[in-house]
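Everything on this sheet refers to the single structure shown next.
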Amino acid sequence: QVQLVESGGDLVQAGGSLKLSCVASGIIFSDNNLAWYRQAPGKQREFVASISSDYPSYATIVKGRFTISRDNAKNTVYLQMNSLKSEDTGVYYCRTSLRGYVYWGQGTQVTVSS
C-alpha cells in the first residue's frame, strides 16, 4: 500500500531554516507528483509546494523562501524552508495520489517562535 512518512519538523526561531523529508513507498516514485501542504491551528489545510518530474510549483506565500526537491533514487521529496516566519507554524503533510486516490502522511510539526 502507499505510505508517506514525513520527518524533520522542529521548533525554530523566526528567520531560521528547516528541511523536511518525506519518504514514499508503494508507488512508482518517479512517475508521481508529490506535494507539501500545511495546517495551522484552527485553519484549513493549505497547499505549500508540489513537484512533478523536476518542475516545482509554490504557493505565493512561500515563493522565494521554500524550495521543493526530490531524489528519485531515495523515493524522497524534500522541503527546504528558509527565512521562516511565525505564520509558517503548523503541521506539514506530504501528499500524493494514485489511481484517483489521495494519500497523506501523518504530518510533522513545525513551530516558529518569534
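Just so it is clear, the model here is predicted, and its values are computed rather than measured.
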Before giving the answer on side chain to side chain contact (heavy atoms under 4.5 Å, CB included), spell out for E46 and I61 the whole-Å C-alpha distance, their side-chain angles and the decisive distance to 0.1 Å. CA-CA 11 Å; E46 64 178 0; I61 55 174; 3.7 Å; yes
Distance in Å, L11 CG paired with S113 OG, rounded so as to fall on 0.5 Å steps: 5.0 Å
Any donor-acceptor N/O pair, D88 side chain to K85 backbone, under 3.5 Å: yes
Roughly how far, to the nearest 0.5 Å, is the CG atom of N75 from the CD1 atom of I27? 7.0 Å
Excluding sequence neighbours, so at least two apart, what forms ring-ring contact (aromatic ring centres under 6.0 Å, His included) with Y37? F47, W104
What residue pairs, at least two apart or across chains, pass ring-ring contact (aromatic ring centres under 6.0 Å, His included) with a residue in residues 58-103? none
Between C94 and L34, the two heavy atoms sitting closest are SG-CD1, 4.2 Å
Donor-acceptor check, side chain of S52 to backbone of N33, threshold 3.5 angstrom: yes or no? no
Side chain to side chain donor-acceptor pair (under 3.5 Å) involving E87 - partner list, sequence neighbours excluded: none
Step by step, work out the side chain to side chain contact (heavy atoms under 4.5 Å, CB included) result for Q109 and T89. CA-CA 8 Å; Q109 177 70 46; T89 292; 4.2 Å; yes
With a 4.5 Å cut-off on side-chain heavy-atom distances among I, L, V, M, F, W and Y, is there a chain of contacts connecting V110 to L4? yes
I68 and P56: which non-hydrogen atoms are nearest, and at how many Å? CG2-CB, 3.7 Å
With a cut-off of 3.5 Å and sequence neighbours excluded, list every side-chain donor-acceptor pair involving residues 12-26.
| unit_1 | atom_1 | unit_2 | atom_2 | d |
| --- | --- | --- | --- | --- |
| S17 | OG | N82 | OD1 | 2.9 |

Remaining members of Y55's ILVMFWY cluster at a side-chain heavy-atom cut-off under 4.5 Å? none
Is W36 linked to L84 within one hydrophobic cluster, defined over Ile, Leu, Val, Met, Phe, Trp and Tyr using a side-chain heavy-atom separation of less than 4.5 Å? yes
So, for A49 and L79, which heavy atoms are closest and what is the spacing to 0.1 Å? CB-CD1, 4.3 Å
Apply side chain to side chain donor-acceptor pair (under 3.5 Å) to N32 and list each qualifying residue two or more places apart in sequence or on a separate chain. T96
Within the side chain of R45, is there an N or O that forms a donor-acceptor pair under 3.5 Å with the backbone of R38? no
Q106 vs E6, side chain to side chain contact (heavy atoms under 4.5 Å, CB included): CA-CA, chis, key distance, verdict: CA-CA 7 Å; Q106 84 288 349; E6 304 97 333; 2.8 Å; yes
